[in-house]
Structures are given as structure tokens and as C-alpha cells.
2 protein chains.
Amino acid sequence: MARRSSDPARVREKILKLAMEEFARTGFDGARVDRIAERSKVSKNMLYYYFKSKEGLFVAALERMYEEVRDQQRELSVRAHDPILAMRQLVEHTFQALESNPNAIRLMNEENKQRGRFLRKSKRIRDLYNPLVETISFILERGRVEGVFRPALDSAVVYMTLSSLCYHYLSNRYTLEIALGKDLASAASRKTWVEHVGNIVLLYCTAEVPSTTAPKTAVMRQRATSDADA
Amino acid sequence: MARRSSDPARVREKILKLAMEEFARTGFDGARVDRIAERSKVSKNMLYYYFKSKEGLFVAALERMYEEVRDQQRELSVRAHDPILAMRQLVEHTFQALESNPNAIRLMNEENKQRGRFLRKSKRIRDLYNPLVETISFILERGRVEGVFRPALDSAVVYMTLSSLCYHYLSNRYTLEIALGKDLASAASRKTWVEHVGNIVLLYCTAEVPSTTAPKTAVMRQRATSDADA
DNA sequence: AGCCTTGTTAACTATTCAGTTAACTGTCAT
DNA sequence: ATGACAGTTAACTGAATAGTTAACAAGGCT
């Protein structure tokens, strides 16, 4: 026994991956250290060897998740296009990113449930900037210069608006379905919602540059295709 | 021992109240039956006597929470006023209701985390309709008749929009603060955000009734006071 | 060759937790 | 009055859980 695996880094990595799954699936309190060990096919003490405690492992999982999200958002480069199209693509990208990474939503929810107590423990996470906000700034500036967006738009507000609308739809699917008696899981519902989010964000960005009516017309031309509305 | 309390209903009620606290604070997995019993100052078996199991207690707590939320929303009667003002008041009310009832947010989050598994167990909850959607319908209709809102607005979409924007701000405060490096807890931030949500929703409701420009002007007059934006 | 360091296992421990049991106590209908 | 029933308690049980220990195995350094 105690045979040496070829590659310790890989073992650590495997534990981390399985931990992310477990923590995302069940939350911190629901997660079972034994289960993570079993699934990683290493002895439980390995988790303690590499991560020191259940909390240590959770923080490591969170950090990794944030890094993955950042990398995913870095890959986005809608920057080339016209601002209205770019903003619409950014909304779509944001929604798709969240949709395709449910673990990220669940881990963030867990973190909020714990009132940010784990975030406080990780300088690493606190230092991880969010490239999405920069991308938004870029698009807003471009739009302002071209005269399609109003001036003095705050990228943080735009970020919060679009991410709230995308995130909540996915994160609170079950209670929303109860409140509305609608199915939100279907591809059709999702598509309609994403279009709605795009409309809303663009409406906000283009509204009231009182001298120009041109931009608004542009948005609405696109809106026409989508607005049967969920 | 085994002294008889004056009022069994009150005992049951006390257990339920403390259970709501505990489940909201720590989630289902983090909640401790012993702790609820201790705080309710009854023996643990009382919880099992009245609610059968930890799950039974959780479902009862959820049901109660939904009833409270519904009652709270019933009390709202912005119906009298002009539609634009009414919508703005409705947004404010929604935000305040969520803000003043953090347990509700936490229990709903828990329910979503569990993929609606407890909702499925409670016909009671599934039958609890949400009066807010009706109120929105009412305001939208009024607005349509008066020509300030566009026709064919879907109340469910308006509901999802405003509740996402209010809920997410409160529910995901910690991760949002990390992403943006801003304080969202201050009264000032909250006020600005609520105004922003009002603006966005009204923008959506009033946009593109192409013949009339009057309503838009009305919205914007109000917006002027608020839009330093978060 | 020998030994220190890193990686690894299996078995153990102490505690915590959901749920159970058995006994007891007032109250109310007969 | 009496006995069934609803309400209540304290103590118990068995399983699960986070974390620990001791021993050991393979490379690399001297």
C-alpha cells in the first residue's frame, strides 16, 4: 500500500474538481468530505494533506471557480462591432456563460448565503478583477462616441442590470415558476428572456439623448423581431 | 415534569417561528433540530410530535413564509394612482418588502438550491397565488387605457424584470460587492438602485407607443431627480 | 548505501445529529 | 371517579461526520 501515484499535482487537481462538484451540488454544510474522497478515489487524508480542512477545500474550490469565470469572460471579445450589436451579444454571452456553468451560480449563492465569510478569507478572490465590467465600459464609451448611447452611463449599473436579469432567471427558476405558473426551462422561454434582457439594457443605454431619435429607432427595429415577450 | 403548558397552539407556533429563523440562517443542511428545540424552550420530541421530521418542519416553515409574503403583498394597494407613479411605488414596495424580510429571500434561495424538491411536497404552497402579478396587470391595464404604457405588455415579464432587479441586489450583495468593489449596503446605494429599477421598468413599459411622446417625457421628468445612478 | 522529504493509505476517535422510547401529566367525556 | 387521549419531558440510540494517527513507500540528496 501507500503506492505513489505518478503525479501528485494531478491528484490535487482531481480532488479540487470533485470538491467543486460536491460543494456546488449540496452547499458547504451538505457537502461530505468522505464523499469527495471516495469519488476522487484517494484516501480522505489526502484532502487534509492538500487543503488542511473542509473550509480550506471550499475556499480553494471557490477560488478556482472564480478563475474559471474570469477566464471565460476574458475570451469574450465583442469589442469589434457596433455598440448596439455588441451589447446584445454581451447579454447573450453572459446568459450562456451562466447557463453553461451552473456550478458557478451555485457556489456564488453559497458564498452569499454565508454572508461572504469565505470571500473574506481569500485575498486571491478579492484581487480577481472582473473583465466583464471593463468590456461594458468599452462598449458604452464606443456607443457614446458614436452618439447612440447616452453619456455618463455607469458601467457598474449596466453590469448589475444585465447580470441580475440573467442570473436571477437561472438561479431562482423554481420559485419563479411557482410564482408565475410558467415553464422557464425550455429553450424557447430562455431565448425570449435573453432578448428581453437585451431590449431592456439597450433601452436604458439609448434612452434620452434628447436631440437624437436615431438610436432608439435602431433598437426598436431589432426589438420588433423579439417582442412577443415570454 | 411533563407539565402542561396553557396553550399547545402557541407552542407549535413558537417552534415554527424559531424553525423559520434557523432554516433561513443556516439552510436545511446547516439547521440543527436540537438548536430549534432549545431556542423554542421545549423538548426536542415536540418538533417531531407536531411536524413529524426535520423535512416536515422545513416544509411548514416554507409554507408559513409564503403565506406571510402573500399577505404582505396583499396589503399593497397602489391601485388608485396614476400608472407611472403606481409602478414606481410598486417597485419601491417590492424592494422594501424583500429588504425587510431577509428570511424570505434566504428560504427561497434554499428552496431553489434544493431544485424545488420541497415545493413539490406542498400543494399548499403551489396553490398560493401571487397577488403582485395581479397588481401589475391592473397597473399595466390602467396605463394602457390612459395611453401611457404600450399595449400587449405581459405582466409576468414585468414582474420578473422588477423582482429580479430587486431580489438580486439584496440576495447577491456579497459577490456583487466583490465584482464591483462597491458598497451596496448603504441606504444611499439602495435608494439609487431602487430608483434605477423604477426607471428601467418604466422605460420598458412606456417605450414605443410610437404616436405619443407625452408619457416618455413624464417618466424622464422623474428620472431627472434620480439619475446620478448608483 | 542511507536517510530525509513528500505523498499516500487504512484504521481510529470523538462528537454531533436526526430520530425514538418510555414514562408521565393534566383534561375532558362518560 | 376513571380512563382514554393530547401534550410534554428526559434520556437513549445508532449512524454519520470532520478530523487524526501511525505506518509506510518511493525519489532524490549527500
Side-chain angles (χ1 to χ4, degrees), chain A residues 1-62 107 110-111 113-114 117-118 121, chain B residues 1-62 107 110-111 113-114 117-118 121:
Chain A
M1 303 140 200
R3 255 270 250 341
R4 201 106 182 234
S5 100
S6 48
D7 188 349
R10 193 159 351 221
V11 170
R12 204 194 120 105
E13 196 57 23
K14 199 196 252 174
I15 294 170
L16 194 51
K17 271 301 182 230
L18 275 296
M20 288 171 74
E21 293 255 311
E22 175 79 3
F23 284 125
R25 199 168 51 90
T26 63
F28 182 78
D29 291 316
R32 295 296 165 244
V33 174
D34 287 288
R35 197 153 38 198
I36 298 170
E38 198 190 359
R39 299 204 177 153
S40 321
K41 279 174 284 196
V42 293
S43 77
K44 181 164 52 153
N45 192 39
M46 285 289 87
L47 320 199
Y48 289 92
Y49 181 71
Y50 285 120
F51 302 100
K52 185 174 127 257
S53 65
K54 190 183 181 184
E55 289 212 358
L57 185 50
F58 184 79
V59 171
L62 258 195
L107 285 174
E110 184 64 19
E111 180 48 29
K113 169 173 143 191
Q114 305 269 355
R117 106 176 209 249
F118 294 110
K121 289 187 185 164
Chain B
M1 305 143 201
R3 253 271 249 341
R4 199 105 183 231
S5 101
S6 48
D7 187 350
R10 190 157 355 217
V11 170
R12 204 194 119 103
E13 196 58 23
K14 199 197 253 177
I15 294 170
L16 194 51
K17 273 296 182 235
L18 273 296
M20 286 172 74
E21 291 255 313
E22 175 79 3
F23 283 125
R25 200 168 50 89
T26 63
F28 181 78
D29 290 316
R32 294 296 164 243
V33 173
D34 287 286
R35 197 154 39 198
I36 298 170
E38 197 190 1
R39 299 206 177 150
S40 320
K41 279 176 281 195
V42 292
S43 78
K44 181 164 52 154
N45 191 39
M46 285 288 87
L47 321 200
Y48 289 92
Y49 181 71
Y50 285 119
F51 301 100
K52 185 173 127 261
S53 65
K54 190 184 180 183
E55 288 211 358
L57 185 51
F58 184 79
V59 171
L62 256 194
L107 285 174
E110 184 64 18
E111 181 48 29
K113 169 173 143 190
Q114 305 268 355
R117 107 176 207 250
F118 294 110
K121 289 188 185 164

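Only this structure's heavy atoms are used, side chains among them; waters, hydrogens and symmetry mates stay out. Convention: sequence-line order gives letters A, B, ...; per-chain numbering from 1.
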Under a 4.5 Å cut-off applied to non-hydrogen side-chain atoms, are B:Tyr50 and B:Leu16 in contact?
-> no
Which residues satisfy the salt bridge (charged side-chain N to carboxylate O under 4.0 Å, His left out) test with A:Lys41, sequence neighbours excluded?
-> none
Tell me: CZ of B:Arg10 to C1' of D:dG7, nearest whole Å?
-> 15 Å
Quick one: list whatever passes side chain to side chain donor-acceptor pair (under 3.5 Å) with B:Glu111, sequence neighbours left out.
-> none
B:Asp34 CG to C:dT15 C1', in whole Å, measures 13 Å
Non-neighbouring partners of B:Glu38 that pass salt bridge (charged side-chain N to carboxylate O under 4.0 Å, His left out), sequence neighbours left out = none
Output all residues satisfying ring-ring contact (aromatic ring centres under 6.0 Å, His included) with A:Phe118, sequence neighbours left out; order by chain, then residue number.
-> A:Phe28, A:Phe58
Would you mind reading off the distance between B:Leu47 atom CG and D:dA10 atom P, rounded to a whole angstrom?
-> 14 Å
Please report, rounded to the nearest Å, how far the C1' atom of C:dG19 is from the CD1 atom of B:Ile36.
-> 14 Å
For B:Ala31, enumerate each residue passing the side chain to side chain contact (heavy atoms under 4.5 Å, CB included) test, keeping only those at least two apart in sequence or located in another chain.
-> B:Glu22, B:Phe23, B:Thr26, B:Lys54
Does a side-chain N-to-carboxylate-O contact under 4.0 Å join B:Lys121 and B:Glu55?
-> yes
When rounded to whole Å, the CG to P distance for the pair A:Leu57 and D:dG19 reads 10 Å
Return the residues of residues 23-32 of chain A meeting this criterion: a heavy atom under 4.0 Å from some atom of DNA chain C. Order them by number, or give none.
-> none
Does A:Tyr50 put a side-chain nitrogen or oxygen below 4.0 Å from OP1 or OP2 of C:dT8?
-> yes
With sequence neighbours excluded, residues passing salt bridge (charged side-chain N to carboxylate O under 4.0 Å, His left out) with A:Lys44 = A:Asp34
Just jot down the salt bridge (charged side-chain N to carboxylate O under 4.0 Å, His left out) partners of A:Arg32, sequence neighbours excluded, or say none.
-> none
When the distance from OH of A:Tyr48 to P of D:dA18 is rounded to whole Å, what number comes out?
-> 6 Å
Within residues 37-46 of chain B, find the residues that approach DNA chain C with a heavy atom at under 4.0 Å, and present them sorted by residue number.
-> B:Lys44, B:Asn45
Please tell me which of the listed nucleotides, D:dG19, C:dT8, C:dT20, lies nearest to the side chain of A:Tyr49?
-> C:dT8
B:Phe51 CZ to D:dG7 P, in whole Å, measures 12 Å
For atom NZ of B:Lys52 and atom C1' of C:dA18, their distance in whole Å | 14 Å
